[in-house]
Protein chains: 2
Amino acid sequence: MKSQKIPEATIIRLSVYSRYLKQLEKNGLITVSSGTIAEGVDGSPAQVRKDLAYFGEFGTRGVGYNVSDLNRYITKILGIDNKWNVIIVGAGNLGSALSQYKGFDERGFNVLALFDNDPEIVGKKAGKIPVFSAPRMTSFIKENNVEIGIIAVPAPFAQDIVDEMVGAGIKAILNFAPRVISVPDYVELRNVDLAVNMEVLTFNMTFQK
Amino acid sequence: MKSQKIPEATIIRLSVYSRYLKQLEKNGLITVSSGTIAEGVDGSPAQVRKDLAYFGEFGTRGVGYNVSDLNRYITKILGIDNKWNVIIVGAGNLGSALSQYKGFDERGFNVLALFDNDPEIVGKKAGKIPVFSAPRMTSFIKENNVEIGIIAVPAPFAQDIVDEMVGAGIKAILNFAPRVISVPDYVELRNVDLAVNMEVLTFNMTFQK
DNA sequence: CTCCTTTTGTGAAGATTATAACATACGCTG
DNA sequence: CAGCGTATGTTATAATCTTCACAAAAGGAG
């Protein structure tokens, strides 16, 4: 693999390939071609091969890819060949729902705890996940080697929580609060903006096509 | 505005600009420059102007943009100058959380109902939003002019629900199920894949920087 | 009324990403 | 063991998106 900038779109697709390969593996498939993968993820064969080519040669010409090997390579590339410790801040509807999300655990993300300010819910549990009081967050992050934080608090509080997380040594943040957040450039940040997604839909409905 | 393909990235940014403008408006700001917007959304002034230029000329040279006028234009462009009817299928943790999400209502998305198969929850309410039984979905969509469907069911059921929605006349779908979904090309589809987002984070943590 | 400052709108250049096309290599068949 | 079919890996081409740079225009000062 050459040292090169990898397009984010490639990473997103790799993640989808991986999910699809897992399905194929469960169905007992041994070998798969770029064409079949492309069909399964609604992409093109050339794109699949190009995406993989950023990282090495994983296939056999004339044959295709070994399903479980390829999936192992991809999970390694994505950094999910081992577990990650995660906390969620904001134990409202969204935060608790995320804490119960099966897809996280399946992919190696361990949600260790929720944090909230509301004394009504602090001390309770969401499923098996405990809700702690917000001021305990920093020490919890340090003591438990938490690498990833999820922001599920109302927009006005988001930046403060993020700053505290960064101060405590968190390396990556997934932000659900509908606000632009700033972090130092050694911290990874992604925004999942639900209303924005809806608005892309309505734009496309109204204008294009 | 020329008839031209608008980049999706532009639409996403417009949505973020709009949210920021709303904030500025609340703070009583009358006029704003592309530079100030850029600062507020962590972008570049040229990008802001270019994005707007796809749709017209909204500013005054030497002055900037009128905050509330510009926001009105953008909401019109995004198609959220009027209300949209939405249903959510899957009243589990995620579905009910989404039904309570304040950001939808604020931006003109009316969540009318949830649908689920579980007899334990059918007939109850999530906040003010009723949960109906899944078989009632098609008629509900038709009777209530529902344009947008949100998929919050487990992956194996997603495609079937989507097919039923499309059959009932839904025009756009926001899919939270971690699976590739197909729709006819007159239906808009967006995927919000939570694990994929996490995996982009872990990739960036592991590799780049 | 003219000049100066400011900030837009935009055409051109640059960078990035996707698509297409093909040479290379593997395995199978006879 | 040679030749054929197939699917990869990669180079070249095309399309798309972003950044840059500047002319045009508005408002205010003198």
Side-chain angles (χ1 to χ4, degrees), chain A residues 1-17 20-21 24 29-71 73-74 77 200 203-204 207-208, chain B residues 1-17 21 24 29-67 69-71 73-74 77 200 203-204 207-208:
Chain A
M1 171 194 41
K2 294 160 211 149
S3 183
Q4 193 181 352
K5 217 216 141 214
I6 315 290
E8 176 171 304
T10 289
I11 304 308
I12 293 172
R13 283 189 298 263
L14 283 176
S15 177
V16 176
Y17 302 162
Y20 181 61
L21 289 167
L24 295 181
L29 204 65
I30 304 299
T31 299
V32 68
S33 71
S34 60
T36 304
I37 297 175
E39 253 182 81
V41 304
D42 196 28
S44 80
Q47 182 82 80
V48 171
R49 295 199 300 276
K50 196 85 203 267
D51 286 337
L52 295 171
Y54 284 109
F55 300 96
E57 306 191 3
F58 306 112
T60 309
R61 297 179 190 212
V63 179
Y65 305 89
N66 176 289
V67 174
S68 59
D69 285 354
L70 181 59
N71 196 22
Y73 286 128
I74 295 180
I77 291 166
V200 175
F203 171 82
N204 286 331
F207 267 73
Q208 330 236 63
Chain B
M1 172 192 44
K2 293 159 212 152
S3 182
Q4 191 181 354
K5 215 213 142 218
I6 315 290
E8 175 170 305
T10 289
I11 305 308
I12 293 171
R13 284 189 299 263
L14 283 177
S15 177
V16 176
Y17 301 161
L21 289 168
L24 296 182
L29 203 66
I30 304 298
T31 299
V32 68
S33 72
S34 60
T36 304
I37 297 175
E39 254 182 79
V41 303
D42 196 28
S44 80
Q47 183 82 84
V48 171
R49 295 199 300 274
K50 195 104 233 226
D51 287 336
L52 295 172
Y54 283 109
F55 300 97
E57 307 191 3
F58 306 112
T60 308
R61 296 177 189 215
V63 178
Y65 305 89
N66 177 289
V67 174
D69 285 353
L70 181 59
N71 196 22
Y73 287 127
I74 295 181
I77 290 166
V200 175
F203 171 81
N204 286 330
F207 266 72
Q208 330 237 63

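Just so we're on the same page: letters track the sequence lines, and every chain starts at 1. Values in this document were obtained by computation on a predicted structure and should not be read as measured data.
Here the P atom of nucleotide dT17(C) and the CG atom of Asp51(A) are 11 Å apart, to the nearest Å. The distance between atom CG of Asn66(B) and atom C1' of dT7(C), rounded to the nearest whole Å, is 15 Å. Taking atom CD1 on Ile11(A) and atom P on dT16(C), their separation rounds to 16 Å, with Å as the unit.
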What protein N or O atoms touch nucleotides 20-30 of chain D N or O atoms at under 3.5 angstrom, if any, and at what distances?
unit_1	atom_1	unit_2	atom_2	d
dA24(D)	N3	Arg61(B)	NH1	3.0

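Of the candidates dT19(C), dG9(D), dT19(D), dT19(D) carries the atom nearest the Ser44(B) side chain, counting heavy atoms from C-beta on. With distances taken from any side-chain atom of Glu57(B) to the nucleotides dT19(C), dT18(D), dG9(C), the minimum falls on dG9(C). Closest approach to the Ala9(B) side chain among dT17(C), dT18(D), dT7(C) is made by dT18(D) (side chain taken as heavy atoms from C-beta onward). Distances were taken from every side-chain heavy atom of Ala53(B) (C-beta onward) to each of dT19(D), dT10(C), dA18(C); the shortest belongs to dT10(C).
Comparing Gly35(B) and Pro7(A) against DNA chain C, the residue whose closest nucleotide sits nearer the 5' end is Gly35(B).
Between Phe207(B) and Phe55(A), the two ring planes are perpendicular [angle over 60°; tilted spans 30° to 60°].
Nearest heavy-atom pair, Phe58(A) versus Leu52(A), reported as atom, atom and distance to 0.1 Å: CE1-O, 3.5 Å.
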Distance-only donor-acceptor pairs under 3.5 Å for side chains of residues 35-46 of chain A, two or more places apart:
unit_1	atom_1	unit_2	atom_2	d
Thr36(A)	OG1	Ser33(A)	OG	3.2
Ser44(A)	OG	Gln47(A)	N	3.1

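Residue Tyr65(B) places at least one side-chain N or O under 4.0 Å from the OP1 or OP2 atom of dG9(C).
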